[in-house]
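So that we are looking at the same thing, I have put the structure below in structure tokens.
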Amino acid sequence: MIQRNGGELAQTQRSADLLLTSLKSSSRIKRHLKNRQVPIADIRWLKDCVKEKELLPLDKYSIPVDDVSSRSTHDTSSTDSQGGSGDDKQSHANKGNDINKQSHTSKDSSNENKRDSDNYYLPKSSDILTKEFANAEPDVLSYEDTDSSNDESNSNDDGDSDDIDPNYNNTRYECLRPTPLRSKHNGKLVAYLRLLEKARELETNDKSALAYRHAISAIKAYPRKIQSEDEAGKIKGIGSKIKELTRIYLETGKVPEAEALLSDEEFRTLDLFNKCFGVGPATGKAWWDMGYRTLQQVLDHGTLSNTVRLGIQLLPDFIIPMKRSDVEELIDIVETQAASVNDQLLVTPVGGYRRGKQQSGDLDIVISSKQEIDMSDILLSMIDRLKSQGYIKHVLWKSRIGPSTKQDRLHKQRAADTDDNEDQVISKSFRRSGFDELPKAFTCFMQPSTGISRQVDLIIASFEEYPTAVLGWTGSRQFERSIRDYAKKEKNIKLSSHQMITRSMPERRISVTNEKDIFDALDIPFISPQNRNC
DNA sequence: CGGCATACG
DNA sequence: CGTAT
DNA sequence: GCCG
């Protein structure tokens, strides 16, 4: 639960920033206490934080323990420090991690844990660089519906049949039905399937991963608790394999194949590696095969591009989730700076934030204009400005600005290939010969209030492109795949974040002025951003 | 048994 | 190969 | 891994 919400579980009391306990008697607490430097609080703080989706003040939960050092000599586990993490060593924890961390590196190395004022306890998730999973306690399956709400119970109304809920749009196109952020009734099953999807992803079984994603989206959209394997089997996206997994889950409350991943060293290591910007499944696997087991080992011994090195070094911050107020602070900055670059600019936050997520891993912003203006210099102007104002610390990646270079590369590559069908190739490069479409940059901001490094993606869209850019960057990823699939298969329309065009031969651009126009052009019902969480 | 989103560096 | 939704 |  802690880790899922961005916290870090200490292995020993001594390395903890905060102790949680369900003990009520202060003498019993004292008996187990080996670390008096940090706050002690009631375990209910954790549950309430998760419920509220934010870090609550510790005040009401903190447990005072008067000072009489009673060093207990024998350790009876870390009582309620349930499910320790992995490693104890953190000797060189922050080595090479000193880039651009001023305000939030702890004042002294010991166990200072307050990032800001005394109001919030913010977990410092450093030592993720030295985390390794050999002999580590298994992760706990964390399912979104932390809120108990009968995943188990039979809230069975009249019709407990094996038929699917008639309110459910049983389609293979996720974009045709609302999909909320979290499954209301099948959250635990979804959590298991997500593990399997991730495992397939890391093995680069893309098609299999996609199949799991279809099933997951279907279940998230499904309006009641699945009660039987037959009921599950009727849902489009669930075939024989996932139906069987569902049967096992319904009988035992677990999915062993997925459960095993929670304690699988290779899976957990690859998963961690893969969280670094610039590190995909192949790179992660290569590192594993070379014997690396922690990110620190990779930093110390690997030969890395600057981007990947940065990606590793920034990970301890990047994995700290942003609250909506954190996101909004950054939006304000971008809006203010955009206004001073050009007062016609329009700044639109998209991504998970727009879909209503309470916690975000990054922030995506579409920058467009209120009227048709020349946008060609906007990205560089914005980056310059944000840099000089001290907000942007790094540009992890950015697309080229002007026209041309891309064409040259295409031609070169074609020349190398013994080309036969030059028609398509040439038309392709001609099509690109105008101006560049969507320049974009993936940047690292320092958030003023916390000093935490945050990934902010800036996307430039022309006035014309604005609707498709907003649709495309709002996601979710699966929603985008689905609506593009639908456009192609059912309407013979090609949809991207740049444009909508008819595929039948006189390729004509379908003009749209807002998101709704796109849904209308496809003749599908409008789905609000909050319901695009496929 | 073919197809699975699309575009960028 | 990697990035984004 | 599932759909058409």
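All of these numbers come straight from a predicted model, not from anything done at the bench. Note on naming: letters A, B, ... go to the chains in the order of the sequence lines (proteins, then strands), and numbering restarts at 1 for each one.
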Indicate, with a heavy-atom threshold strictly under 4.0 Å, whether A:E244 touches base, sugar-phosphate, or nothing.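 Nothing: the residue A:E244, judged by heavy atoms under 4.0 Å, touches no strand.
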Students often get this wrong, so: under 4.0 angstrom with heavy atoms, is A:K241 touching a base, only sugar-phosphate, or nothing? sugar-phosphate
With sequence neighbours excluded, what pairs up with A:Q455 under the side-chain hydrogen bond (donor to acceptor under 3.5 Å, both in side chains) test?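 For A:Q455, the residues satisfying side-chain hydrogen bond (donor to acceptor under 3.5 Å, both in side chains) (neighbours in sequence not counted) are A:D457.
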When rounded to whole Å, the CZ to C1' distance for the pair A:R172 and D:dG4 reads 7 Å
Contact list for residues 516-527 of chain A, test side chain to side chain donor-acceptor pair (under 3.5 Å), sequence neighbours left out: A:T513-A:D517, A:K516-A:D520
Using whole Å, what does the distance between atom C1' of nucleotide D:dG1 and atom NZ of A:K207 come to? 11 Å
Listed nucleotide nearest any side-chain atom of A:S208, set B:dG3, B:dA5, D:dG1: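 Out of B:dG3, B:dA5, D:dG1, the nucleotide with an atom closest to A:S208's side chain is D:dG1.
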How would you label the contact of A:T474 with the nucleic acid (heavy atoms, under 4.0 Å): base, sugar-phosphate, or nothing? sugar-phosphate
Indicate, with a heavy-atom threshold strictly under 4.0 Å, whether A:R477 touches base, sugar-phosphate, or nothing.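 Here A:R477 touches the bases of the nucleic acid.
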Interatomic distance where CD belongs to A:E174 and C1' belongs to B:dA5 [whole Å]: 12 Å
Is there a side-chain contact between A:Y222 and A:S183, using heavy atoms and a 4.5 Å cut-off?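 The answer is no, as the side chains (C-beta and beyond) never meet within the 4.5 Å cut-off.
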Within residues 275-287 of chain A, the residues having a heavy atom closer than 4.0 Å to DNA chain C are A:C276, A:F277, A:G278, A:V279, A:G280, A:P281, A:A282, A:T283
Taking only residues two or more places apart in sequence, or in another chain, which ones meet A:E251 in a side-chain hydrogen bond (donor to acceptor under 3.5 Å, both in side chains)? A:R247
With sequence neighbours excluded, tell me which residues meet salt bridge (charged side-chain N to carboxylate O under 4.0 Å, His left out) with A:D230.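 Checked A:D230 against salt bridge (charged side-chain N to carboxylate O under 4.0 Å, His left out); matches are A:K243.
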Measure OH/A:Y486 against P/B:dT6 and give the value in whole Å, please.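 Distance, rounded to whole Å: 15 Å.
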When rounded to whole Å, the CD to P distance for the pair A:Q478 and B:dA5 reads 7 Å
Give one of base, sugar-phosphate or nothing for A:R532, where a contact means two heavy atoms less than 4.0 Å apart. nothing
Under 6.0 Å from the six-membered ring centre of A:Y173 and within 45° of its axis: does the NZ or CZ of A:R481 meet both?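 No cation-pi geometry.
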Quick one: A:I501 CD1 to B:dA5 C1', roughly how many Å, whole number?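 Nearest whole value for this atom pair: 14 Å.
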Using the P atom in both, what is the distance from D:dG4 to B:dA5, to the nearest Å? 14 Å
Go through the structure and list residues passing side-chain hydrogen bond (donor to acceptor under 3.5 Å, both in side chains) with A:N274, not counting sequence neighbours.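 Here the qualifying residues are A:K198.
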For residues 348-366 of chain A, pull every pair meeting salt bridge (Lys or Arg N to Asp or Glu O under 4.0 Å), keeping only residues two or more places apart or in separate chains. A:R354-A:E515
With a strict under 4.0 Å distance from non-hydrogen atoms of chain A, what nucleotide opens and what nucleotide closes the contacted stretch of DNA chain C, reading 5' to 3'?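 Result: C:dC1 to C:dT5.
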Reckon A:D364 touches a base, only the sugar-phosphate, or nothing at all at heavy-atom distances under 4.0 Å?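 Sugar-phosphate contact only - A:D364 comes under 4.0 Å of backbone atoms but never of a base.
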Using whole Å, what does the distance between atom P of nucleotide B:dA5 and atom CH2 of A:W473 come to?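 So the two atoms are 17 Å apart, to the nearest Å.
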Tell me which nucleotide among B:dA5, D:dG1, B:dA7 gets nearest to the side chain of A:R481.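 Out of B:dA5, D:dG1, B:dA7, the nucleotide with an atom closest to A:R481's side chain is B:dA5.
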Could you list all the salt bridge (Lys or Arg N to Asp or Glu O under 4.0 Å) pairs where at least one residue sits in residues 280-294 of chain A, not counting sequence neighbours?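 The answer is A:E265-A:R293, A:K285-A:D289.
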Any side-chain donor paired with an acceptor under 3.5 Å for A:E465 and A:S462?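 A pair is found: one side chain offers a donor N or O, the other an acceptor, under 3.5 Å apart.
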From the list D:dG1, B:dC8, B:dG3, which nucleotide is the closest neighbour of the side chain of A:K489?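 So the nucleotide nearest the side chain must be B:dG3.
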With a 4.0 Å cut-off on heavy atoms, is A:L495 in touch with a base, just the backbone sugar-phosphate, or nothing at all? sugar-phosphate
Quick one: is A:K488 getting a side-chain N or O under 4.0 Å of the B:dC4 phosphate, OP1 or OP2?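 Result: yes.
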Using a 4.0 Å heavy-atom cut-off across all strands, classify A:D362 as base, sugar-phosphate, or nothing.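 If one applies the 4.0 Å heavy-atom cut-off, A:D362 turns out to touch the sugar-phosphate alone, with no base involved.
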Starting from P on B:dC4, measure out to OH on A:Y173 and report it in whole angstrom. 10 Å
Quick one: label A:L396 by what it contacts on the DNA or RNA (base, sugar-phosphate, nothing), any heavy atom closer than 4.0 Å.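 No contact at all - A:L396 keeps every heavy atom at 4.0 Å or more from the nucleic acid.
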Between A:Y466 and A:T348, does a side-chain hydrogen bond (donor to acceptor under 3.5 Å, both in side chains) hold up when you go through it step by step? CA-CA 10 Å; A:Y466 179 70; A:T348 309; 2.7 Å; yes
Tell me what A:L471 touches on the nucleic acid: a base, only sugar-phosphate, or nothing, going by heavy atoms under 4.0 Å. nothing
